[in-house]
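Accompanying notes for the structure given below.
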Amino acid sequence: MSLALYDTRTRRKRDFEPANAAQVTMYLCGPTVYSYAHIGNFRPAVVFDMLFRLLRSKYGADNVVYARNITDIDDKINQAAHEQQVDISVITDKFTAIYRENSSTLNILSPNLEPTATGHMDEMINLISRLLENGHAYQAEGHVLFSVSSFEGYGKLSGRDLKDMLAGARVNIAAYKRDPADFVLWKPSSETEPSWDSPFGAGRPGWHTECSAMIEANFGTTIDIHAGGQDLIFPHHENEIAQSMCVHEGVPLARFWLHNGFLDMGAEKMSKSLGNVKLVHDLLKDWPGEVLRYALLTAHYRAPLEWSENLLSRTRTTMDRYYGTLRRLSDVTASLEDAPKGFVAALCDDLNTPQAMAKLATLFKQANMAKTDADRARVKGQIQAAGVLVGLFEQDPETWFQRDDDDAAQIDAMVAARFKARQDKDWAEADRLRDQLNALKIVIEDGPNGSIWRRG
RNA sequence: GGCCCUGUGGCGGAGUGGUGACGCUGGGGAUUGCAAAUCCUCCUACCCCGGUUCGAUUCCGGGCGGGGCCUCCA
């Protein structure tokens, strides 16, 4: 089944074919580790994790290389380190660890590579040197700047014209810039800022440099897929393209550019500067990671998604139903199946998760209605195969329902006592026990061979 | 000011030139000792005005509304 992906550069959906099917390459702009990530930061992580899973199933797990970088040089990091009077590594190590832990809770696979800026200092300096040598960059007052007018293709990705941008630009234009749109490749550091030696003086790299350098170091000149949030289209990705193409004689940096849309909080986007963020760290106190993952996949990845309490509780309701189905099938041995065609087709159509989830709903309905063991085994196998592709429904249903086990034994006993009362047709006692359990927010489901329970 | 996206039922959210997914919610029913779960079923929508067309929610133009980028930002 062919995979179509919407490519920002060409502004249309195109059939995806890797340059080399034995090594499909994909790069996602990952987090800047200066603080807790909010749920919006995890939308690309989840969406492109799903793409990673899809590519692995299509080309073979060993033939896909996925890099998600960690930005560990940044002024916000510097600020945090300065405020706490610690080395920047104290900040970046801490929040890198938290980011990885959150990722794993959202069932995000580890990428093959997690390159860091500090780990690629030589490569960045080397890249900047080459840009200086070939005339695409210049030095001014301790800075090295990229000269956008030296690159004819500047603005192609974002569909911008340099002249138009200046019209309403709110950029503070540094006097040493030859062109207001020129961006910093290297800048001098103050006493309190981290600094690295370089041929252009002691200082630190500009933000855009790291991705170009890391891609070159790990993949070479061109990758198949470069992904990130929509806000990175300009200037970040535009600048990466400029840098990379100017040291690679015009060879494209990426064959496909994928960008996810934003989470909305009511009328506006979720953003730290607007102060309306939901930290994953906090959300995980109230919701299972899998609910967050599923919720992020309820809208198409390029469309805005309204993030709300309502979305989360709705998602949990759905997942309770589905895990309930899986629990009833727990003694059925799943047969080895492919994910249903319609489900895969939806994902292959530019990662249309809403449509894929609709197929999943059908699948669970089929599971609920299955009459024979063979049917049950087949549908369960299909559900599992579909689940692997999107990273959902991979855990044990019992784990899902019994989140804390403190009082599980006591509840088991009450449920057993109630089942016995029902067998004795002592309805009064059975109802009394059920009321007691309901008061503990326990929901009972009676079956022919016993009763099961879950937390409501 | 420039560029881009978007407007679907009570809610979320797909899709399509001709019977308008899917889920949640609400009504009815089957089932159940009663429930829960499950299944069946019903109600409710394509911003407005033009145009193209046999026919538009879908294509085109205009309007109005919402959002994003142009500055760190997923």
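Within 4.0 Å of A:Leu232, counting heavy atoms only, lie sugar-phosphate atoms of the nucleic acid but no base atom. Nucleic acid contact for A:Leu305: sugar-phosphate only, since backbone atoms but no base atoms lie under 4.0 Å from a heavy atom of the residue. Within the 4.0 angstrom heavy-atom criterion, base atoms lie near A:Asp431. A:Asn352 comes within 4.0 angstrom of sugar-phosphate atoms only, judged by non-hydrogen atoms across all strands, and of no base. Within the 4.0 angstrom heavy-atom criterion, only backbone atoms of the sugar-phosphate kind lie near A:His300; the bases stay farther away. Heavy atoms of A:Arg422 sit under 4.0 angstrom from at least one base atom.
When the nucleotides B:rG13, B:rG33, B:rC11 are ranked by their closest atom to the side chain of A:Ala299, B:rG13 comes out on top. Across B:rG68, B:rC34, B:rC70, the shortest atom-to-atom separation from the side chain of A:Lys269 is found for B:rG68. Of all nucleotides listed (B:rG15, B:rU38, B:rG33), B:rG33 comes nearest to the side chain of A:Ala430. Listed nucleotides: B:rG33, B:rG12, B:rA37. Nearest to the side chain of A:Glu306: B:rG12.
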Check: Base, backbone or nothing for each nucleotide of nucleotides 18-27 of chain B, written B, S, -, heavy atoms under 4.0 angstrom, 5' to 3'?
Finding: ---BSBS---

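Nucleotides B:rC40 and B:rA45, compared at atom C1', are 24 Å apart to the nearest Å. The separation of B:rU8 from B:rG13, taken at their C1' atoms, amounts to 9 Å, rounded to a whole angstrom. One C1' atom belongs to B:rG17, the other to B:rG12, and the distance between them is 27 Å to the nearest Å. Taking atom C1' in both B:rG7 and B:rU57, the straight-line distance is 12 Å, to the nearest Å.
Ring to ring, A:Phe95 and A:Tyr36 are close: their centroids are under 6.0 angstrom apart.
A cation-pi arrangement is present between A:Arg302 and A:Tyr6, with the terminal nitrogen or guanidinium carbon under 6.0 Å from the aromatic centre and inside a 45° cone about the axis. Geometrically, A:Arg14 engages A:Phe256 in a cation-pi contact defined by less than 6.0 Å to the ring centre and at most 45° from the axis. Geometric assessment of A:Lys359 against the ring of A:Phe343 yields a negative cation-pi assignment under the 6.0 Å and 45° thresholds.
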Pairs under 3.5 angstrom, nitrogen or oxygen only, protein versus nucleotides 41-47 of chain B, please.
none

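Listed by chain and residue number, A:His236 satisfy the ring-ring contact (aromatic ring centres under 6.0 Å, His included) test with A:Trp207 (two or more places apart in sequence, or in another chain).
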Next item on the list: Give the C-alpha distance, both sets of side-chain angles, the deciding distance and a yes or no for salt bridge (Lys or Arg N to Asp or Glu O under 4.0 Å) between A:Glu429 and A:Arg418.
Entry: CA-CA 7 Å; A:Glu429 173 66 3; A:Arg418 176 169 175 282; over 6 Å; no

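Counting to the nearest Å, the C1' atom of B:rA74 and the CG atom of A:Leu28 are 9 Å from each other.
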